[in-house]
Novice: 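Got a structure for you, questions after.
In each ligand, atom 1 is the first atom listed, and ligand 1 is the first ligand listed.
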Amino acid sequence: MTATEPRPQWELRTRRTAYIVSLLPARDGLVLDHWGAPAATAPWAEPTRVVGMVPESDVSPLEFASDGQRHTAFAELLIDRGNGRTGARWTVLDDLAADSHRLTVPFIDETGTLRLELHYATSPEHDAVRRWVRLTNTGSEAVELRRAFSAGWNLPLGPHVRVEHLAGWWAGETRRRSTDLEAATLSIGSRMGITGFEHAPVLTLTAATNTSEAYGIALAWSGSWRMRAESPAVGRHVRVSGGPHEDTTVVALLPGETYESPESIGVRSDAGSDGIRRAWHEYERTLARDHGEHHRPVVYNSWYATTFNVREEHQAVLAERAARLGAEVFVLDDGWFAGRDDDTRGLGDWRPDSQKFPDGLRPLADRVRGLGMRFGVWIEPECVDPDSDLFRAHPDWIYRADGRPALTIRNQYVLDLGRPEVEAWIADVLRRLLDSAPITYLKWDMNRAVTDGGRPGDPHGREWSIQHVRAYHRLLDLLRSEFPEVTVEACASGGARIDLAVLARSDVVWTSDEVGPRDRLAIQHGFLTAYPASVMSSWVTDEPGSVDRSSASLGYRFAVAMCGVLGVGADLLRWNDVELERGAAMVAAYKDLRGVVHRGEAYFHGDPADPTYAIEFRGPDDDPRQVLLVFDRDRERRRDRDAVRIRPVALRPGTSYRSDAFALPVTAGGPPFTVPFRWAEDADVLVLTPIDNQEEP
Ligand code: DGJ
């Protein structure tokens, strides 16, 4: 191709949008022309006044940039060729591949030794654009990538934008936050070696004043990561970039080697952040391996009831009660393996403790199955206690900086999953454990940050954070392929490893160690802005919660858990018959409604901090019921004041709904109704069912 030929343009189609890119006139970079409703679009051209004193590539909406190509603006790729030589200048190659759902654009650098491919994938099933890059060293010298991000996104929102994100801490994950940016940069991420509590790798952006045109950008990565959003002082495009965190990652590309970045995924909507939420849920449903209930069962987990004090007979009695409640799987949490009487020892020795389970796990598993439930266990295979046979046998398997004493957190070290022998050992542990008893549910936990990551002496040693994640993903993939009947619950001290890559490889995620219902509601509210109810594991536990120690009725606590995948984590031996019966009735109600919650769409009424807050689930077409879960923070206030009134926001137009809670039918646009609080004094679960023979106008 020559610079005088017409500029080639490619259009990727999502369910509702088109994503159109073209080559720059000099064919040295790919730029965004249009992202929105399908429309004919001319190739991008920036007004010259903006170009000013810098190269044009620095102000072009480049889809991906390296140093050497960009000189003053941010670049997703930083290349170190040694001897002070950095960066690359790119020219497009002829072997590109394109159709309406896939695009691969290859480039070669000026030395002819680096090949860069920009990859895109879309689907008619959803509105997500998936992007990643591959970089191959075809030369004879090693290069290092000091930053190896996945994509640059150019959002035409102007210089003043609102960025919504999710921030948190242990037992306080995914709190909604909003920041206005004007000629400024927001940078969020994790350096924990896992996705982390502090930020979720997902941003929602709108213009500060007009919030209907909205974009969501996420990073599907379960290790240290960084995302940045930069609003320009002048010009239209806000640039969002993300990838493995450069503070913890230097990629070595030896001759012949290829680096493939994590995926970054983008969605667009004209319905503001509500539309982005729905777009994420629609996409994420396609990641689930099936849409049925088998892999998101009602769990009973005994952790809060027994912690490390695990005894077979005691667990069996709990299982009897769990079965009475209607649980579908009984999960034995931490404490079942050799020497694990507290959190100071045992991690790594994944055989049943001979005192607690003299005949292994099978007798308890059989008893649980005899009660009509599946059996599951907890595991934390990436960690090891200093006091364990594993560590005594393999002290060199942990992350440790040369000569420095290794640091314990929760008394444990992290295994170096970048070592093939460690990954193989974990694969063997999983296979032996799952073959040892009828286990069909695995809760995979990870309870500390990686410190002193790296492998001195190994040319790939500074890539530890990428290697760790790749091995973790491969092990989850192994579970899916070799043990497809096993449901995987992903966990990291609560919600410290939740991202789109984990969602693609697990069935549910443990959202938080906070089980206090009011705090939990706020955590779940943020979670649902990015991730769907169908993966949000949520348990009813005894009071008080971990941090939020306020009291709420049993009905309130059940309703909170019913917003996701309901489980129970209470000490059921402390429940009386009335509570057990009431609990069983609420589990049965949840089972009836979960298809609406898991396959429907969520709409918020206010904020969990408001006196009254509700989540409305609009059921799918084959179960068009409407479920409203209403929460009242202050029972006393409500007793003294007016009734709580609510108007559903997402009823099907032209449809009348009935409820056994009130006499008159409910219709879209009709008057609000009074919440009867029949479920509990501080919460209600209302089901609106379309009245038969109604037709949409
Ligand atoms: C942290 C998890 O979040 C808890 O649910 C529990 O599994 C503990 N670890 C066990 O050590």
Novice: With hydrogens left out, which residues have an atom under 4.0 Å from ligand 1, given that only heavy atoms count?
Specialist: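 Residues within 4.0 Å of ligand 1: Trp303, Asp333, Asp334, Trp378, Arg410, Lys443, Asp445, Asn447, Cys491, Ser493, Gly494, Trp510, Asp513.
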
Novice: What do you reckon, are the aromatic ring centroids of Tyr556 and Phe631 less than 6.0 Å apart?
Specialist: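 Yes, the ring of Tyr556 comes within the 6.0 Å limit of the ring of Phe631, centre to centre.
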
Novice: May I have the list of side-chain donor-acceptor pairs in residues 432-439 shorter than 3.5 Å, sequence neighbours left out?
Specialist:
residue : atom : partner : partner atom : Å
Arg432  : NE   : Asp428  : OD2          : 3.1
Arg432  : NH2  : Asp428  : OD2          : 3.3
Ser436  : OG   : Leu433  : O            : 2.7

Novice: Would Phe617 and His598 count as a close aromatic pair, with their ring centres under 6.0 Å?
Specialist: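 Ring centres of His598 and Phe617 not closer than 6.0 Å.
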
Novice: Please enumerate all residues that pass side chain to side chain contact (heavy atoms under 4.5 Å, CB included) together with Ala424, with sequence neighbours excluded.
Specialist: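 Ala424: no side chain to side chain contact (heavy atoms under 4.5 Å, CB included) contacts found.
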
Novice: Could you tell me if the ring centre of His281 sits under 6.0 Å from that of Tyr531?
Specialist: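 No, too far apart.
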
Novice: Tell me, please, which residues at least two apart from Glu282 pass side chain to side chain donor-acceptor pair (under 3.5 Å).
Specialist: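 Side chain to side chain donor-acceptor pair (under 3.5 Å) list for Glu282, sorted by chain: Arg15, Arg16.
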
